[in-house]
Protein chains: 2
Amino acid sequence: MIVMEKTPTSPVSRERSREIKRLSVISAAREARVLSRADLAELTGLPPATLTALVRDLVAEGYLIERGPGSGTNTTGRPRAMLEFNPRAELVAAVSLEPPRITCEIADSNGAVIAHRTARLAGDMVETVCQFVLELVDDARPSLRGVAIAVPGVSVDGAVRLAPSVGLVEARPIGQSVQHELGVPVIVDNDVNLMAAGERVAGAGKDVDDLLLLHVADGIGAGLVLDGKVRRGASGAAGEVGFLPLDGFTDRAYSGVGPFEAMWSANAIAERVVALHPGRRPESPVSELVRLAESSVAARAYLDEVLGAWARLIISCACVVDPGRVLLSGAAAQLDDAALARMQDLVSAKAPAATEVRRAVLGDQAVLHGAISYALSAAVRLPSIP
Amino acid sequence: MIVMEKTPTSPVSRERSREIKRLSVISAAREARVLSRADLAELTGLPPATLTALVRDLVAEGYLIERGPGSGTNTTGRPRAMLEFNPRAELVAAVSLEPPRITCEIADSNGAVIAHRTARLAGDMVETVCQFVLELVDDARPSLRGVAIAVPGVSVDGAVRLAPSVGLVEARPIGQSVQHELGVPVIVDNDVNLMAAGERVAGAGKDVDDLLLLHVADGIGAGLVLDGKVRRGASGAAGEVGFLPLDGFTDRAYSGVGPFEAMWSANAIAERVVALHPGRRPESPVSELVRLAESSVAARAYLDEVLGAWARLIISCACVVDPGRVLLSGAAAQLDDAALARMQDLVSAKAPAATEVRRAVLGDQAVLHGAISYALSAAVRLPSIP
DNA sequence: ACCGTTTCTTCCTACTATGAAGAAAATGCT
DNA sequence: AGCATTTTCTTCATAGTAGGAAGAAACGGT
């Protein structure tokens with residue numbers, strides 16, 4: 001009747017107290033960037049005596065850098081000795097798997113990329129990822145805090161499952177293998193989830209705890225951040241909004257492609273744009289459609305259809321999770337200001353709660369920032385208390 | 001650049017360590033019901049020496065009861081002295097506001113109701129709630145851990161907003177007022193959210209961390225539990241699935257009633273049932289429809305329409321949040337086994353991930369169990385560590 | 001040059017986390 | 001019946017520490 005998993009250690013052990021204090025200080029410093037010991041005392045609640053020793057250790061380890069007296073607001077009293085958080089003390093590897101390509105970037109916890117490499121995927125995936133990370137990290141390996149691997153399609157428990165448009169086949173859990181090889185936490189997730197996480201920590205969602213990122217590309221997917229946490233779903237399929245049954249009774253669904261995305265993805269839009277304006281298939285189909293709509297009644301009508309469809313998707317999501325803010329990414333971010341305003345109006349008319357629609361702002365950097373937030377969360381996670 | 005809210009206390013203070021130890025033991029005991037000190041050592045990680053003193057305190061306070069030697073599995077050695085968790089040490093008040101009625105129940109943390117009262121709402125709501133709670137708790141007031149207030153419609157930050165079908169008007173935050181009067185934590189939430197929480201802790205969702213409860217009554221609403229936590233939404237409007245735009249271009253929406261629920265709520269179904277089989281309006285319209293479908297082709301066709309619509313709603317929710325399990329409540333729970341199986345088939349055919357459809361099992365008790373879980377969570381919450 | 005103020009460091013001690021030792025309570029064996 | 005062994009629970013002892021107090025440092029103002 002009492003089932004034991006991992007035997008817990010004492011929640012008030014000395015080791016744990018030490019970790020909690022370190023985490024408090026590191027988190028406060030990472031967020032403030034530059035601050036004094038007095039600031040740390042206020043932010044963490046730790047007494048000055050405790051902080052003296054702790055800061056000494058963190059300076060020795062390279063997390064904090066003494067920066068000399070600061071321009072404090074006090075007119076009297078001993079000037080504060082300012083400390084600067086060293087983002088280079090925490091490196092993160094962000095790996096993107098987009099068969100046939102693999103991209104690897106090493107960044108510090110500020111998001112500054114210090115090394116990167118792109119190559120064709122060949123041979124064993126786990127070996128390739130480990131090799132790239134180790135080569136790029138070079139002699140900064142002790143500062144590597146974690147690895148985040150972005151994949152198209154749904155990941156479940158670290159196993160990569162079929163992504164419809166790229167033919168990635170299910171492999172043994174690569175996250176666990178890489179973690180075993182590199183000895184740091186490794187997180188594998190859908191690239192749209194990583195984008196959502198990235199916009200949350202460093203982009204258009206920095207000031208909210210809840211958002212939905214709508215990504216329109218070959219498929220249509222959404223990343224959800226709810227209460228500050230990415231929502232993956234019971235089977236890892238949260239955000240599969242391409243499968244929403246919004247257009248009544250269409251039976252165009254085929255394996256791996258949802259009915260909604262079959263009609264409203266960037267691919268589908270590109271086909272219509274070519275039909276409306278014969279010529280080469282546009283690289284940016286939504287930009288092209290917006291351009292055509294300026295002078296073509298048919299294009300304008302089609303743009304209205306697209307906006308209506310995407311609005312219904314957003315309203316559906318608003319009804320279910322009430323994210324408060326929706327970020328448009330990929331082809332959806334190509335809408336101009338007028339179209340974006342139209343979209344906002346359509347959503348506001350029917351959504352049951354205030355739902356703000358904006359463009360995502362990080363673009364290609366979103367996955368990287370998402371990877372950083374994932375890796376740092378995994379690196380310093382304390383076991384939870386019931 | 002450094003913004004201070006409430007000055008934090010030390011995360012490793014002696015007071016906090018004491019609270020953490022108490023919480024660990026109380027939580028483990030509440031879950032196990034009967035266990036020994038050795039069990040507590042294994043479950044919490046606290047050393048035996050620590051537990052001796054702590055258990056003595058909790059026995060003195062009435063949380064634990066000494067139960068004498070247990071029938072242990074050991075063949076030798078000192079027998080375990082079993083302890084029993086005392087649910088009466090933790091009382092919870094669950095208040096239901098359904099204008100013009102108010103219902104109040106006092107229950108222990110097992111869900112056993114020890115007192116209840118229903119009356120017409122008259123006079124000041126805060127005074128009425130406080131009066132009922134105090135009268136029912138009587139001299140067990142020291143054991144009152146919290147109050148949960150269930151309201152129809154969306155609650156936001158403790159303020160009750162308009163519930164479409166019952167005309168409840170926005171009031172000043174009643175949760176804060178009641179909390180101030182009673183001196184215990186008070187949570188106010190939508191009754192469907194409380195149902196979902198209740199099924200999660202004590203009903204059809206006990207074995208999962210994620211579920212969606214679909215409640216069909218005068219309106220249609222959903223309660224979401226994601227990663228063990230109720231999802232309320234940025235504006236408190238998560239689960240407003242009655243507003244889903246699933247039936248194309250209907251313009252039947254009017255103030256406060258969503259387009260989907262206008263067509264597929266229990267009210268709408270009752271109207272059609274009367275049209276199909278003239279007579280008195282049925283008390284249980286879905287049961288009646290299922291019965292009529294046995295012998296009427298028209299009724300059977302309409303039942304198929306209802307199942308199809310509800311399935312599209314469930315598929316929409318599965319696409320967005322991937323709950324893994326959907327519980328049917330209210331009128332939706334009136335479906336018979338055959339209809340439930342049809343519903344499951346429809347959902348399985350189109351949902352992007354495995355989505356199990358079941359009936360909720362707690363019925364009227366769901367809100368109570370939800371209230372218990374809310375109140376206990378609020379009563380023993382520790383401030384989080386960054 | 002001195003005083004007052006604020007920040008940071010050192011000192012000190014009451015408290016405590018927990019290992020070790022001891023006591024209690026059983027079963028099994030002879 | 002008595003003893004050995006085992007397991008559980010209690011008591012004891014101590015190394016470590018959380019944090020208050022005292023002291024030192026570093027300014028600005030007079």
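Only this structure's heavy atoms are used, side chains among them; waters, hydrogens and symmetry mates stay out.
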Task: Sequence-distant partners of B/Val201, side-chain contact (heavy atoms from CB on, under 4.5 Å), two or more places apart - done: B/His369, B/Ser373

TODO: Grab the CG-P distance between A/Leu40 and C/dT9 for me, whole Å please.
DONE: 11 Å

TODO: Mind checking the OG-OH spacing from A/Ser143 to A/Tyr63? Nearest 0.5 Å is all I need.
DONE: 8.0 Å

- [ ] Consider the side chain of B/Pro79, meaning its heavy atoms from C-beta on, and name the nucleotide among D/dG19, D/dA26, C/dA25 that approaches it most closely.
- [x] C/dA25

Open item on the list: From C-beta outward on A/Thr52, which listed nucleotide comes closest to its side chain: C/dT18, D/dC9, C/dC8?
Closed with: C/dC8

TODO: Applying salt bridge (Lys or Arg N to Asp or Glu O under 4.0 Å), name anything that partners A/Arg37, two or more places apart in sequence or on another chain.
DONE: A/Glu66

Open item on the list: What is the distance, to the nearest angstrom, from the CE atom on A/Met82 to the P atom on C/dC8?
Closed with: 8 Å

Task: Results of side-chain contact (heavy atoms from CB on, under 4.5 Å) for A/Val92 - residues two or more places apart only - done: A/Ile372, A/Ala375, A/Leu376

Task: Set of side-chain contact (heavy atoms from CB on, under 4.5 Å) partners for A/Arg88, sequence neighbours left out - done: A/Asn86, A/Leu91, A/Asp108, A/Ile114

Open item on the list: What is the distance, to the nearest angstrom, from the CG atom on B/Leu43 to the P atom on D/dT8?
Closed with: 13 Å

- [ ] Provide, to the nearest angstrom, the distance between the CG atom belonging to B/Leu51 and the C1' atom belonging to C/dG19.
- [x] 15 Å

TODO: Please determine, for the side chain of A/Arg37, which listed nucleotide (C/dT18, C/dT9, D/dT6) has the closest atom?
DONE: C/dT9

Open item on the list: What's the separation between atom CG in A/Asp209 and atom CZ in A/Arg325, rounded to the nearest 0.5 Å?
Closed with: 11.0 Å

Open item on the list: It should be established whether B/Thr50 places a side-chain nitrogen or oxygen under 4.0 Å from OP1 or OP2 of nucleotide C/dT16.
Closed with: no

Task: B/Ala41: side-chain contact (heavy atoms from CB on, under 4.5 Å) partners, not counting sequence neighbours - done: B/Leu51

Open item on the list: Quick check for you: among D/dA18, D/dT6, C/dC8, whose closest atom lies nearest to any side-chain atom of A/Ser17?
Closed with: D/dA18

Task: Residue B/Thr76, side-chain atoms from C-beta onward, closest of C/dC8, D/dT11, D/dT6 - done: D/dT6

Open item on the list: Of the options C/dA23, D/dG19, C/dA17, whose atoms approach the side-chain atoms of A/Val12 most closely?
Closed with: C/dA17

- [ ] Would you mind reading off the distance between B/Leu54 atom CG and D/dT11 atom C1', rounded to a whole angstrom?
- [x] 17 Å

Task: Integer-rounded Å distance: C/dC8 P and A/Asp39 CG - done: 8 Å

TODO: Return no unless some side-chain N or O of B/Arg56 is found under 4.0 Å from OP1 or OP2 of D/dT11.
DONE: yes

Task: Separation of D/dC9 P from B/Arg80 CZ (nearest whole Å) - done: 7 Å

Task: Residue whose nearest DNA chain C nucleotide is more 5′ - A/Glu66 or A/Glu15 - done: A/Glu66

TODO: Mind calculating the distance between CZ (B/Arg78) and P (C/dA26) to the nearest angstrom?
DONE: 8 Å

TODO: Going 5' to 3' through nucleotides 12-17 of chain D, assign each nucleotide B (protein heavy atom under 4.0 Å from a base atom), S (under 4.0 Å only from sugar-phosphate atoms) or - (no protein heavy atom that close).
DONE: ----BB

